[in-house]
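Everything below concerns the one structure shown next.
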Amino acid sequence: MTELLSDSAYVLESLPELWFGLVMLALGVYLLLDGFDFGLGILFAEADETERKTMLAAFGPLWKANEVWLVLFGTVLFAGFPAVYANILSRHYVLVFAILLALGLRGLGVKLREERDDQQWTRFWDACFVAGSTAAPLLLGAFVASWVLGEPSALAGGPIVVGLTVVALSVVLGAAFLAIKTSGTLRRRVVRRGRTATAIYVALFALTAAVLFGRYPELQSRLWSLPTAALVAATLVFAALSVVATSSGRYHGAFLSAAGLAATFVFFVALLLYPAVDPAAGLSISDAIVSPLSLNLTAIFAAVFLPIIGAYFVVLYSLFGGSATPEHSYH
Amino acid sequence: MFPTSELSISALASAYAGDALTLAFLTPELASRIQFGWTITIHIIFAALSVGLAPFLVYVTVQEVRTGEERYARLRAFWTKIFAVGFVMGTVTGIPMGFMFGTNFAAFSTTAGEMIGGPLSFEAKMAFMLEAVALGVLLFGRERVSGKMYALSSVFVALGAWLSAFWILVVNSWMQTPRGYEVVMEGGVPIAKLTDPMAAFFNPRFPWMYVHMQNAAIISVTLVIAGIAAYFVWQNRDSDVWRTALRAAVVVLLVTSAFQAIHGDMYGRHVAETQPHKFAAMEAHYETGQADLHLIAIPTDLEAITDPRADNLYTISIPQLASFLASGGDPTAEVTGLNDFEYDSPPVAWVFWSFRIMVGLGFWFIGLGAWGTYRLWRGDLYEDERYLQALMLSSPLGFVALITGWYVAEIGRQPWIIQDVLTTADGVSPPLSSAEATFTLLAFVVGYVLLFGVFLYVLKRLIDEEAERHTVGIEEDDRPDSPGVIADD
């Protein structure tokens, strides 16, 4: 125990890099899980009341737990790289609160629409849910891009394109999730929407690469490299797979392909960032990492609790697996 | 074309409205402090609701599964709905607070990151996650899991809520009595390095704060349960369901509030030892010397509200009692006055009056508990109209005591954000502008007022729904809980 909690050396020599990997992993899981929640919220806009009930039944027991991954991402970043946490949040002050507002609106929307039976009330909270679900991935994408690019403003060209890319990815994920959980007209429509979103996503991904290549000369060597080529190839393969899978009715396969797209996206983020963690402040992993005792302790906690969290999600998702029906919506 | 520099609201404001508007903004420090304080004022209501309601939910859920009795199913269904709304509100108001460490108090986060980043991540990993997952099962899983599993999910929800509070209070108590660290300068910035995790987590304040806070949450929720139960019993004397809840609440109230008074007295002595300036502010004690305890203080003029000094107050005091309490038995002990600290005093009026409100309410709760227990013992608890009304009127007061107690702890430690290490002024984000901070503060004030209004409205609707159900005499649960999703196709 005393060795484990050494204050002079990391338990593993590469622990700082592993912790960076964990930050990216938390971001990736969050993008996947809340990504399909956002996508569901966007697709919610064109659904009728029965379909809406089905959609809410599909994700009702899951979304709170999904959203906790954002907190996990934030605290993992804070625990490993406190200066980075402080820097990027204070630098994007207004944007961070806009993201929180969007998340708050959708959380309240989905919970409060059920609390009263009149149309006006339901419509109002539905609108909050749709608006929040659209704004959150847009702003989160812009935030991540602005962090990775060391761009002082999230309103610059690069971050806005990335924000739109994340919105498209959310729709891909949401459609794939709903395809598993629904049937009939609703399923046919979300599958169609999912395909369109996949095409838009691939186009935006290419546009993002082009914008980055043109506007950020310092990234050019990294963009013109083998790993980037592999990630682009993976994006095309996953996109094609998801279309093939939906055409043959293999909806779980389509969801896995969509998850592959999300994973590829986060790999791309990590690739652009590494070995920096805060390019704008010129901080690399080794500059910003906390000292050994603190990181060792936190890493031991993570090693114990992440598998437990994984088990929670397996239980939760298998308990509420299968298709959703409108009668089994909220309360 | 958008500017490539950070969209600056202050620049926009002065461009469109001139300097007059810019002058109306608060300083970043003041705006950030008010924003954090205001956010926590609302958040703590929902956090305490979770902590206090969770053990009660475990009790009724376990009883329901064990006995199969309808009254427990009714109580479980009703309080689970309130718990769920409270949990969503708690998440919506709580997530911004974690991010505010970075947005508004970036310098503090850099200095204290090693000390508080870990515990915050433990909270997310072992507590918040558990609570969110188990709540999904508790809300949607009644028909999907066995009775035992269902009861267990309520235990997990409670465990999650209590562990959450555990790690949050580890962080907060460390800021009050920091231990287990050393300060190292890195690039001109002070960094608190973790040297001894056990000393840091279980710092001297932690056990005091945890016990006092969790018990305060239980008292607050017990008063809400008692008030709502009193309302239903007052409407329908024969309601077996709500007589059960009322009986339990009254006894729990007496025990927990009496314990809180004894514990609070000892806690006060600990504060006098570790944060003497806070103790002095609690008694508005300016000159070093023997200190009296002002049992009751009434301002004689308006100025005395903002500047509470013994000369400006009509007080009923016990001579030398504050000396006696601070020193643990010596009535002639010297208590250092606020004038004799090297640093600024905290806002004395806030601390002084908050403390009085908290303690005064505490005694009222003991009285309420004793009155009800006596009636219960006499056998006419459900007939005492005046008592039922007193309970109804008192139901929000536990939260008032809790919030004012929090003010004593947090405003009382100013000017320090970390006692004797970092001042709040030095902890604020360097790039933060007055306009940004004032703008978000305004948004939080408006947003949370609306949010809290919606919560009260939903609470009222749930109560009305329940009242309707049991005044027409339908005692059985006519709306079984929905399971969320049906089985595989």
Side-chain angles (χ1 to χ4, degrees), chain A residues 5 7 57-58 60-62 64-65 67-68 70-72 74-76 78-79 82-83 85-91 93-94 96-97 100 103-104 107-108 111-112 115-116 152-153 155-156 290-291 293-294 297-298 301-302 305-306 309 312-313 316 319-325 328-331, chain B residues 2-7 9 81 85 87-88 91-92 95-96 98-99 101-103 106-107 109-110 113-114 117-118 120-126 128-130 132-133 135-137 139-141 144-145 193-195 197 429 431-432 436 440 443 451 454 458 461 482-489:
Chain A
L5 292 178
D7 58 359
L62 310 173
K64 288 191 204 83
E67 195 163 271
V68 179
L70 178 66
V71 179
L72 207 64
T75 55
V76 165
F78 194 10
Y85 184 83
N87 277 333
I88 61 172
L89 289 181
S90 59
R91 222 164 37 223
Y93 189 83
V94 177
V96 169
F97 287 111
L100 294 172
L103 291 173
L108 290 174
K111 183 74 203 155
L112 292 176
E115 302 293 344
R116 219 173 85 176
S153 170
L155 292 172
V290 288
S291 57
L293 177 60
S294 188
L297 184 69
T298 315
F301 258 87
F305 280 97
L306 285 176
I309 291 171
Y312 293 159
F313 275 79
L316 188 69
L319 202 58
F320 296 101
S323 46
T325 59
H328 293 97
S329 189
Y330 263 61
H331 300 306
Chain B
F2 287 110
T4 46
S5 64
E6 172 74 78
L7 179 71
I9 292 175
K81 279 181 210 158
V85 179
F87 183 81
V88 169
T91 311
V92 167
I95 292 178
F99 286 98
F101 286 135
T103 50
S109 293
T110 306
E114 259 197 52
L120 288 175
S121 80
F122 304 157
E123 192 244 352
K125 279 186 281 222
M126 61 193 278
F128 196 19
M129 216 32 128
L130 178 65
V133 170
L135 191 61
V137 180
L139 287 179
F140 293 88
R144 303 211 132 212
V145 297
K193 294 272 178 201
L194 180 65
T195 56
S429 303
L432 184 57
E436 285 171 331
T440 54
L451 192 69
V454 168
V458 169
R461 283 193 56 93
S482 54
V485 180
I486 60 156
D488 271 315
D489 53 7

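Values below: every heavy atom of this structure, side chains too, minus hydrogens, waters and symmetry copies. Just so it is clear: chains get the letters A, B, ... in the order the sequence lines come, proteins before strands, and each one is counted from 1.
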Working for side-chain contact (heavy atoms from CB on, under 4.5 Å), residues B:Thr91 and A:Lys64: CA-CA 9 Å; B:Thr91 311; A:Lys64 288 191 204 83; 5.8 Å; no
Contact leader toward chain B among A:Leu316, A:Ile309, A:Leu103, where contacts are heavy-atom pairs under 4.5 Å: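 Top count of heavy-atom pairs under 4.5 Å with chain B: A:Ile309.
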Interface residue of largest heavy-atom contact number with chain B, from A:Gly107, A:Gly74, A:Ala302, A:Ala86, under 4.5 Å: A:Ala86
Contact part of [X] toward chain A, heavy-atom cut-off under 4.5 Å: side chain, backbone, both or neither?
X	result
B:Pro431	side chain
B:Val137	both
B:Val458	side chain
B:Val454	side chain

Audit row: B:Val92, A:Leu108, side-chain contact (heavy atoms from CB on, under 4.5 Å) steps and yes/no: CA-CA 8 Å; B:Val92 167; A:Leu108 290 174; 4.3 Å; yes
So which atom in [X] and which in [Y] form the shortest heavy-atom distance, rounded to 0.1 Å?
X	Y	value
B:Ala124	A:Val71	CB-CG1, 3.9 Å
A:Phe301	B:Met126	CE2-SD, 3.6 Å
B:Ala132	A:Val68	CB-CG2, 3.6 Å
A:Ser291	B:Lys193	OG-CD, 3.6 Å
B:Gly102	A:Leu89	C-CB, 3.6 Å
B:Phe99	A:Leu70	CZ-CG, 4.2 Å

Selection from B:Thr440, B:Thr195, B:Thr110 maximising heavy-atom pairs under 4.5 Å formed with chain A: B:Thr440
Top of B:Leu130, B:Leu120, B:Ile95, B:Leu451 for chain A proximity - count of heavy-atom pairs under 4.5 angstrom: B:Leu130
4.5 Å side-chain heavy-atom contact, B:Phe128 and A:Glu67: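 Of all side-chain heavy-atom pairs linking A:Glu67 with B:Phe128, none is under 4.5 Å.
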Contact class of [X] relative to chain B, heavy atoms under 4.5 angstrom:
X	result
A:Phe97	side chain
A:Val96	side chain
A:Leu62	neither

Side-chain donor-acceptor contact under 3.5 Å, B:Ser109 with A:Tyr85: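 There is no such pair (donor and acceptor under 3.5 Å, judged by atom type) between the side chains of B:Ser109 and A:Tyr85.
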A:Ala79 backbone acceptor or donor facing B:Ser121 side chain under 3.5 Å: no
From CG (B:Leu432) to OG (A:Ser90), nearest 0.5 Å: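 It comes to 8.0 Å.
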Atom pair OG1 (A:Thr75) and NZ (B:Lys125), whose distance is rounded to the nearest 0.5 Å: 6.5 Å
